[in-house]
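When reading the values below, keep in mind they use all heavy atoms of this one structure, side chains included, and skip hydrogens, waters and symmetry mates. Just so we're on the same page: letters track the sequence lines, and every chain starts at 1.
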Amino acid sequence: MSSTPPGRSRNGEVARLLEGIAGLLEVKGEQAFRVNAYRNAARRIEGLSEPIETVHTEGRLREIQGVGVALEQKLGEYLTTGSLRYYEALRAEFPPGLVELLEVPGLGPRKARLVFEQLGVGSLVELEAAAREHRLRDVPGLGERTEQNLLTEIDRLKRRTTRHQVEATLTIAEELLDRLRACPAVRRAVYAGSLRRMQDTIGDVDLLVAAERPEEVERCVLELPQVRDVLRQGPARTSILVRGGLQVDVRAVEPKSWGAALQYFTGSKAHNIRLREIAIKRGWKLNEYGLFDERTGTLVAGAEEDDVYDALGLQPIPPELREDTGEIELAAEGRLPRLLELSDIRGDLHLHSNWTDGGSSVEEMARAALALGREYIALTDHSKSLGVTNGLTEQRIAEQRLVIDEVNQALAPFRVLQGTEMDIKREGRLDYDDETLASLEYVSASIHSGMKQTREVMTERIARALRNRYVATLNHPHGRLIGSRAAYEVDMAAVIRVAVEHGVALEINSQPARMDLESIWARRGRDAGAKFAINTDAHATGQLGLMRFGVATARRAWLGPEHVLNAWPLADLLGHLAARRRIP
DNA sequence: GCCGTTTTCGGCCCGACTGTTTTCAGTCG
């Protein structure tokens, strides 16, 4: 198993463990339903609304759907000791490289077992050698095409990029959709899948197209200028690779199936399975073509997505919630929460100007925010110890005050609050004294250095900073940079407790490379009574529009306007900040 | 291996595409 990224919850790691067990059981030829039980549990844990380690510590593993007596024991052992004897014993039955074989697209458990038994192939290296020496084609059930395809897939696997950032992926998806909409056969075209659910990273892109004759769409897809490679093609579904190794699946359906198909291809898988179970209980069958009466085969619903939910007795469920973490039960009772929307956002409490490392002036940033409909911003340039950014000394804070006053006069009633993104130094010391902090209208605090400290030290360092009465918000609480830097080690549950106790908000940073705090922790914070600030961390006017990504994360965390400081009117925000300063 | 206002035993979500098959298993999403 790969090691845990520091500070992140272990849900993904545990899900991969169960997937690994499922794969090996499958190679052994175990009963499919037993294999599926592991897969099902893996999916549930991956989509859990809270960290699995918390669930374990609190003795609630059995409350997870799909976890029974046996899995509770296995998960407990793994979470406590870091390994699982059952899994190790299972692995010992095969060559150590067999698990990686299952990673090769096109090579499932049956073929893996075949090549192992017939050729003794037990690793990726051996598989590649066997393919190059044309030994695979002689295995009964395989052939020349399979041999060639596996070579291609092994090659791709070596150069595989991991998950993609949501913003860049969205851009590519929009470009493809523009092209597809220009295709004469196409009526409607949208993105679905994890992109529509706005997960913070994207594996592949699912595009859905409506056409009177879906089979005509295939040609349009193959003629897209973005196509680098074709993985699969057919009248209903075509899979291509575009730049950056991004896989795009295009699915075409008739307009009468549009809603059912959109529902189906938005997922998540766990959410869809629950819906299909509900359909079955009502004597129906749900697939991507519609909701059908099982006996008569007549179409019950399918043209629009809301029709499908409505027929199943559910409120329409926002895509960001579709993870089977309680949304279906609430939708059945008509009690889904009112989620935050981009239009609820009134302010932006984290942005920089050219006084430090930003690219725009204070006035430019203010005018750009105003143009986006914001009512206020907090200018949070860096503090003095962050030298590389030309962090503000106390003297320069005083000088900047005058500039902000001028802008406020010019743009009233729009309001620029003078704030700071202040470094939390080692041992939790702050970069300004209380007198300076008192002179600022909004104080947010960040970790920018010393990220390799131990979990205990980091947790206490942050906690100490949050106990200062002037600190209103903890910025990007996990410090991760997607694809380049793992989160630092920290006891986030403890940080959340301290934040709630002292009335400190947690930031959801909208930068696509950050998306920090992650939605799983934000939801946990919400349940613990935390407040949030959803900010762009813009370093130039063009980045003020990144807010949509932070809002998406907030929605995935089930946040409403009441949880988000910068969705409040300015007077309410100022009242909250003043109250915070009265809490010691 | 899990689970239950149809069941504590007998079920367990659904369809498309590929390749090697002469009618379908394997794989994927």
Side-chain angles (χ1 to χ4, degrees), chain A residues 18-19 21-23 25-27 29-45 61-75 86 90 101-115 136-150 152-153 192-194 203-208 214-215 217-218 230-240 247-253 257 260-261 263-292 294 324:
Chain A
L18 297 179
E19 284 286 352
I21 293 174
L25 289 176
E26 221 168 8
V27 176
E30 261 292 349
Q31 199 194 141
F33 291 114
R34 188 153 168 256
V35 173
N36 230 355
Y38 282 94
R39 293 241 158 83
N40 177 46
R43 219 168 36 235
R44 301 274 184 175
I45 289 167
L61 285 173
R62 284 293 299 278
E63 290 176 19
I64 301 170
Q65 278 286 314
V67 175
V69 178
L71 277 175
E72 179 190 33
Q73 188 276 322
K74 290 186 172 77
L75 291 172
Y86 174 74
L90 199 55
L101 275 190
L102 298 174
E103 300 277 308
V104 181
L107 191 80
R110 312 307 276 255
K111 288 178 188 167
R113 184 172 180 177
L114 260 182
V115 297
L136 287 185
R137 60 180 64 176
D138 298 329
V139 176
L142 305 187
E144 212 175 318
R145 294 296 298 274
T146 304
E147 184 176 272
Q148 189 52 51
N149 287 344
L150 286 177
T152 308
E153 292 296 352
S194 57
D204 55 21
V205 172
D206 294 293
L207 302 183
L208 180 65
E215 66 277 7
V217 174
E218 180 185 355
V230 178
L231 299 176
R232 265 183 301 276
Q233 52 184 302
R237 168 183 231 149
T238 305
S239 297
I240 57 173
Q247 180 176 333
V248 180
D249 296 335
V250 185
R251 185 63 195 260
V253 296
S257 295
Q263 193 290 311
Y264 182 87
F265 287 104
T266 297
S268 67
K269 190 165 189 167
H271 177 90
N272 285 359
I273 288 175
R274 287 290 310 282
L275 256 50
R276 271 171 255 152
E277 287 169 357
I278 293 173
I280 289 170
K281 286 202 180 101
R282 297 188 174 212
W284 295 330
K285 181 175 71 168
L286 178 62
N287 59 29
E288 59 264 56
Y289 299 109
L291 185 61
F292 299 93
E294 187 69 75
D324 189 23

Checklist entry - B:dA16 and B:dG11: how far apart are their P atoms, nearest whole angstrom? => result 26 Å
Next on the checklist: Rounded to whole Å, please give me the gap between CD in A:Glu153 and P in B:dT18.
Outcome noted: 13 Å
Checklist entry - Charged N to carboxylate O under 4.0 angstrom, A:Glu288 versus A:Arg251? => result yes
Next on the checklist: Nearest to the side chain of A:Ala70, heavy atoms from C-beta on, is which of B:dG26, B:dG1, B:dA16?
Outcome noted: B:dG1
Checklist entry - Rounding to a whole Å, what distance do you find between A:Leu61:CG and B:dC2:C1'? => result 15 Å
Item to check | Short N-O contact, A:Arg44 and A:Asp324, less than 4.0 angstrom | outcome: yes
Next on the checklist: Give me the distance, rounded to whole Å, that separates B:dT6 from B:dG1 when you measure between the C1' atoms they each carry.
Outcome noted: 22 Å
Checklist outcome for this item: Atom CZ of A:Phe265 and atom P of B:dC14 are separated, to the nearest Å, by 15 Å
Checklist entry - Looking across every strand, which nucleic acid part, if any, lies under 4.0 Å from A:Lys281 by heavy atom: base, sugar-phosphate, or nothing? => result nothing
Next on the checklist: I need the CG-P distance between A:Asp249 and B:dG15, as an integer number of Å.
Outcome noted: 18 Å
Checklist entry - Counting any heavy atom closer than 4.0 Å, what does A:Val104 reach on the DNA or RNA strands: base, sugar-phosphate only, or nothing? => result sugar-phosphate
Next on the checklist: Nearest whole Å is fine: how far is B:dT18 P from A:Lys111 NZ?
Outcome noted: 12 Å
Checklist entry - Tell me: CG of A:Leu102 to C1' of B:dC28, nearest whole Å? => result 14 Å
Next on the checklist: Taking only side-chain N and O atoms of A:Arg145, does any of them lie within less than 4.0 angstrom of OP1 or OP2 on B:dG19?
Outcome noted: yes
Next on the checklist: Please classify the nucleic acid contact of A:Arg34 as base, sugar-phosphate, or nothing, using heavy-atom distances under 4.0 Å.
Outcome noted: base
Checklist entry - In whole angstrom, what separates A:Leu75's CG from B:dC2's P? => result 9 Å
Checklist entry - If you look at every strand shown and take non-hydrogen atoms under 4.0 Å, does A:Glu144 touch a base, only sugar-phosphate, or nothing? => result sugar-phosphate
Checklist outcome for this item: Whole-Å distance, A:Arg113 CZ to B:dT27 P, equals 12 Å
Checklist entry - To the side chain of A:Arg232, which of B:dT27, B:dG29, B:dG1 is closest? => result B:dG29
Checklist outcome for this item: On DNA chain B, more 5' by nearest nucleotide between A:Ser239 and A:Asn287 is A:Asn287
Next on the checklist: Under 4.0 Å, heavy atoms only, any strand: does A:Leu107 hit a base, just the sugar-phosphate, or nothing?
Outcome noted: sugar-phosphate
Checklist outcome for this item: Taking every heavy atom of A:Leu25 against every heavy atom of A:Tyr38, the minimum-distance pair comes out as CD1-CE1, 3.5 Å
Checklist entry - Which nucleotide, B:dG26, B:dG15, B:dG1, lies nearest any side-chain atom of A:Phe33? => result B:dG1
Checklist entry - Just checking A:Gly193: base, sugar-phosphate only, or nothing, at a heavy-atom cut-off of under 4.0 Å? => result nothing
Checklist entry - Does the side chain of A:Arg110 get closer than 4.0 angstrom to OP1 or OP2 of B:dG26 through an N or O atom? => result yes
Item to check | Given DNA chain B, 5'-ward residue of the pair A:Gln65 and A:Pro109, judged by closest heavy atom | outcome: A:Gln65
Checklist entry - What nucleic acid atoms does A:Val35 come within less than 4.0 Å of, heavy atoms only: base, sugar-phosphate, or nothing? => result nothing
Checklist entry - Taking the P atom of each, how far is B:dG29 from B:dT22, in whole Å? => result 27 Å
Next on the checklist: Considering every strand and a 4.0 Å limit on heavy-atom distances, what is the contact class for A:Asn149: base, sugar-phosphate, or nothing?
Outcome noted: sugar-phosphate
Item to check | Under 4.0 angstrom between A:Lys285 side-chain N/O and B:dG15 OP1 or OP2 | outcome: yes
Next on the checklist: Can you see if the side chain of A:Lys74 gets near the phosphate of B:dG1 - specifically, an N or O under 4.0 Å from OP1 or OP2?
Outcome noted: yes
Item to check | B:dT8: pairing nucleotide in any strand, Watson-Crick or G-U under 3.5 angstrom | outcome: none
Checklist entry - For A:Tyr264, does its backbone N or O pair with a side-chain atom of A:Asn272 as donor and acceptor, under 3.5 Å? => result yes
Item to check | Sidechain N-carboxylate O distance under 4.0 Å for A:Arg43, A:Glu19 | outcome: no
Item to check | Atom C1', compared across B:dT21 and B:dG26: separation rounded to whole Å | outcome: 12 Å
Checklist entry - So what does A:Gln233 hit on the nucleic acid, given a heavy-atom distance under 4.0 Å: a base, only sugar-phosphate, or nothing? => result sugar-phosphate
Item to check | Other residues, nucleotides, ligands: >12 heavy atoms within 6.0 Å of A:Glu277 CD | outcome: yes
Item to check | Donor-acceptor pair present, A:Tyr264 side chain and B:dG29 base, under 3.5 Å | outcome: yes
Item to check | Test side chain to side chain contact (heavy atoms under 4.5 Å, CB included) applied to A:Glu294 and A:Trp284, step by step | outcome: CA-CA 5 Å; A:Glu294 187 69 75; A:Trp284 295 330; 5.9 Å; no
Checklist entry - Do the side-chain N and O atoms of A:Asp249 and A:Gln247 include a donor-acceptor pair separated by under 3.5 angstrom? => result yes
Checklist entry - When the P atoms of B:dC12 and B:dC17 are considered, how many whole Å apart are they? => result 26 Å
Item to check | P gap between B:dG15 and B:dT8, integer Å | outcome: 29 Å
